[in-house]
K.L.:
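The structure that follows is given in the form of structure tokens.
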Amino acid sequence: MAMVKGLLFRQLFESESSTYTYLLADADTKEAVIIDPVLETIDRDLKFVSELGLKLTVAVNTHCHADHITSTGPMKKRVPGLKSAISKLSGASADIHLTEGDKIPFGRHCLTVRETPGHTDGCITLVTGDQTMAFTGDALLIRGCGRTDFQQGCAKRLYKSVHEKIFTLPDECLLYPAHDYLGRMASSVGEERKFNPRLTKTMEEFADIMNNLNLPNPKKMATAVPANLVCGLQD
């Protein structure tokens, strides 16, 4: 668990898609950001925000998800002034379209955007200002990574993204992915550089692994992707 002075941090879980939602806030100003919120857990998440006395300012998605529907659109209807954010390259609608180097401020803290495409064109990693925490979406998972066989996926591009944009962070930087299917909650740059069974290979070996996974499509892909392109707001 990260212990950044003046930062309130909560990691929340949605069991059907094994998605992690992250809530970060300035302990003094109470301004808060939520990362990758899921439609099914919107009531739980907003109850947390209310109980902690937070002012939610930005709901950001690390990419256009294929396995669940985001709650950013419905959440905006319930939280006055809340803005949605996603990568400009995602093709999805949002109030804020993010690009490399953009900052999402909340009180004295901020998250900095690093573009990490490969799983999708619009994948981003969000890094705290002191580089002690990074939220990697599906680009880098704990001892794994996001698949590259649909939604503009490209194995070699993902390999380059991880090595140039995530593995260049300090070894002690804690990594928080969008999913984990084995109950693991966090990793670190040093751990993944040493133990990730895919990303410790050469780029050619990695591409061969990723191009031969032969995985079925996510169960909710046909409904989730169109919904997430419009901020989770369906007719």
Side-chain angles (χ1 to χ4, degrees), residues 1-14 19-63 65 70-88 90 92-116 122-137 165-166 169-170 172-178 185-189 231-233:
M1 182 68 73
M3 295 296 291
V4 179
K5 186 176 180 180
L7 178 70
L8 184 151
F9 171 64
R10 296 290 184 271
Q11 183 178 31
L12 304 166
F13 187 66
E14 192 281 312
T19 297
Y20 285 125
T21 295
Y22 299 100
L23 182 64
L24 296 93
D26 186 303
D28 296 322
T29 69
K30 304 298 184 181
E31 287 182 281
V33 172
I34 195 166
I35 301 171
D36 289 335
V38 180
L39 184 60
E40 284 78 2
T41 53
I42 185 172
D43 291 334
R44 177 204 66 186
D45 297 346
L46 290 181
K47 184 179 180 182
F48 242 108
V49 169
S50 176
E51 288 176 343
L52 296 174
L54 304 180
K55 180 184 177 182
L56 199 56
T57 59
V58 178
V60 57
N61 282 292
T62 54
H63 62 293
H65 302 277
T70 180
S71 67
T72 50
M75 195 173 282
K76 283 178 56 183
K77 293 184 175 183
R78 295 171 58 174
V79 180
L82 177 65
K83 293 187 180 300
S84 57
I86 198 167
S87 168
K88 182 179 180 180
S90 69
S93 60
D95 298 309
I96 304 168
H97 282 114
L98 300 164
T99 59
E100 178 77 20
D102 283 349
K103 298 185 184 303
I104 303 173
F106 54 105
R108 80 182 92 170
H109 305 282
C110 73
L111 295 169
T112 301
V113 174
R114 294 192 176 197
E115 293 178 346
T116 47
C123 284
I124 56 173
T125 291
L126 300 165
V127 184
T128 56
D130 59 2
Q131 297 192 352
T132 59
M133 306 167 72
F135 302 89
T136 58
K165 299 291 183 69
I166 300 175
L169 291 164
E172 61 272 17
C173 177
L174 294 176
L175 300 177
Y176 295 94
M185 299 174 70
S187 185
S188 71
V189 170
C231 208
L233 292 171

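Computed from a predicted model, the values in this text were never measured in an experiment.
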K.L.:
Considering all heavy atoms of both residues, which atom of Ser87 and which atom of Gly122 are nearest to each other, and what is their separation?
P.N.:
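Nearest heavy atoms, Ser87 then Gly122: CB-O, 3.2 Å.
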
K.L.:
Taking all atoms of both residues into account, what is the closest heavy-atom pair of Ile166 and Val189, and its distance?
P.N.:
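Heavy atoms of Ile166 and Val189 come nearest at O-CG2, 3.7 Å.
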
K.L.:
Write down the atom of Ala134, the atom of Leu169, and the distance for their closest heavy-atom approach.
P.N.:
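In this case the closest contact between Ala134 and Leu169 is CB-CD1, 3.9 Å.
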
K.L.:
Which pair of non-hydrogen atoms, one from Thr72 and one from Cys231, has the smallest distance, and what is that distance?
P.N.:
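Closest pair (atom of Thr72, atom of Cys231, distance): OG1-SG, 3.2 Å.
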
K.L.:
Please name the pair of heavy atoms, one in Cys123 and one in His63, separated by the smallest distance, quoted to 0.1 Å.
P.N.:
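Nearest heavy atoms, Cys123 then His63: SG-CB, 3.7 Å.
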
K.L.:
Evaluate the criterion side chain to side chain contact (heavy atoms under 4.5 Å, CB included) for residue pair Val49 and Val79; output intermediate values, then yes/no.
P.N.:
CA-CA 10 Å; Val49 169; Val79 180; over 6 Å; no

K.L.:
Using the rule given for side chain to side chain contact (heavy atoms under 4.5 Å, CB included), can you reason through Asp26 versus Leu7, listing the C-alpha separation, both sets of side-chain angles and the distance that settles it, and then say yes or no?
P.N.:
CA-CA 5 Å; Asp26 186 303; Leu7 178 70; over 6 Å; no

K.L.:
Taking the side chain as every heavy atom from C-beta outward, state whether Val38 and Leu12 have any pair of such atoms under 4.5 Å apart.
P.N.:
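Sidechains of Leu12 and Val38: no contact.
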
K.L.:
Ring-plane angle category for Phe9 and Phe135, please: parallel below 30°, perpendicular beyond 60°, tilted otherwise.
P.N.:
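It falls in the tilted class, 30° to 60°.
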
K.L.:
Any side-chain heavy-atom pair from Ile34 and Met75 closer than 4.5 angstrom?
P.N.:
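When only atoms from C-beta onward are counted, Met75 and Ile34 do touch, with a gap below 4.5 Å.
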
K.L.:
Can you list everything that forms a ring-ring contact (aromatic ring centres under 6.0 Å, His included) with Phe106? Sequence neighbours excluded, please.
P.N.:
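Per chain and number, Phe106 pairs via ring-ring contact (aromatic ring centres under 6.0 Å, His included) with His109.
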
K.L.:
Does Thr41 reach the side chain of Ser71, with side-chain heavy atoms less than 4.5 Å apart?
P.N.:
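A side-chain contact under 4.5 Å is absent here.
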
K.L.:
Check this for me, if you would: do Arg44 and Glu14 make a salt bridge, where the nitrogen-to-carboxylate-oxygen distance has to be below 4.0 angstrom?
P.N.:
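Salt bridge absent between Arg44 and Glu14.
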
K.L.:
Do you know which two heavy atoms are closest between Lys165 and Glu115, and how far apart they sit?
P.N.:
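For Lys165 versus Glu115, the nearest heavy atoms are NZ-O, 3.1 Å.
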
K.L.:
Can you name the one residue among Thr62, Thr136, Thr125 that meets side-chain hydrogen bond (donor to acceptor under 3.5 Å, both in side chains) with Thr116?
P.N.:
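So, applying the side-chain hydrogen bond (donor to acceptor under 3.5 Å, both in side chains) to Thr116 and each of Thr62, Thr136, Thr125, only Thr125 qualifies.
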
K.L.:
Report the distance from atom CG of Leu82 to atom NZ of Lys55, rounding to the nearest 0.5 Å.
P.N.:
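One gets 11.0 Å once the value is rounded to the nearest 0.5 Å.
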
K.L.:
Can you find a heavy atom in the side chain of His97 that is under 4.5 Å from one in the side chain of Ile86?
P.N.:
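Yes, close enough: below the 4.5 Å cut-off.
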
K.L.:
Do Thr128 and Leu111 have side-chain heavy atoms sitting under 4.5 Å apart?
P.N.:
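SC-SC contact between Thr128 and Leu111 confirmed.
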
K.L.:
Please check this pair: side chain of Asp45 against backbone of Ile42, looking for a donor-acceptor N/O pair closer than 3.5 Å.
P.N.:
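Such a contact is absent between Asp45 side chain and Ile42 backbone.
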
K.L.:
Determine whether the aromatic ring centres of residues Tyr176 and Tyr22 are separated by less than 6.0 angstrom.
P.N.:
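Between Tyr22 and Tyr176, the centre distance is under 6.0 Å.
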
K.L.:
Could you tell me whether the side chain of Leu8 reaches within less than 4.5 Å of the side chain of Leu24, counting heavy atoms only?
P.N.:
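SC-SC contact between Leu24 and Leu8 ruled out.
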
K.L.:
Going from NZ on Lys76 to CG on Leu233, what distance comes out if it is rounded to the nearest 0.5 angstrom?
P.N.:
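CG of Leu233 is found 7.5 Å from NZ of Lys76.
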
K.L.:
For Glu31, is there any backbone N or O sitting under 3.5 Å from a side-chain donor or acceptor partner on Thr57?
P.N.:
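No, Thr57 side chain to Glu31 backbone: no donor-acceptor pair under 3.5 Å.
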
K.L.:
Show me the pairs that pass side chain to side chain donor-acceptor pair (under 3.5 Å) and involve residues 77-86, at least two apart or across chains.
P.N.:
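As it turns out, the side chain to side chain donor-acceptor pair (under 3.5 Å) pairs with a partner in residues 77-86, which skip direct neighbours, are Asp43-Arg78, Ser84-Asp95.
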
K.L.:
Suppose we screen for side chain to side chain contact (heavy atoms under 4.5 Å, CB included). Which residues come up paired with Thr112, at least two apart in sequence or across chains?
P.N.:
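Thr112 satisfies side chain to side chain contact (heavy atoms under 4.5 Å, CB included) with Lys103, Cys110 only.
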
K.L.:
Could you give the distance from CD1 (Ile124) to CD (Glu100), rounded to the nearest 0.5 Å?
P.N.:
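Ile124 atom CD1 to Glu100 atom CD measures 10.0 Å (nearest 0.5 Å).
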
K.L.:
When you measure from the side chain of Asp36 to the backbone N and O of Thr19, does any donor-acceptor pair fall under 3.5 Å?
P.N.:
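No, Asp36 side chain to Thr19 backbone: no donor-acceptor pair under 3.5 Å.
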
K.L.:
Any chance you could lay out the side chain to side chain contact (heavy atoms under 4.5 Å, CB included) test for Ile104 and Leu98, step after step, and finish with the verdict?
P.N.:
CA-CA 9 Å; Ile104 303 173; Leu98 300 164; 4.0 Å; yes

K.L.:
Should Val33 and Leu126 count as side-chain neighbours, where that means a heavy-atom distance under 4.5 Å?
P.N.:
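No. Closest side-chain heavy atoms not under 4.5 Å.
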
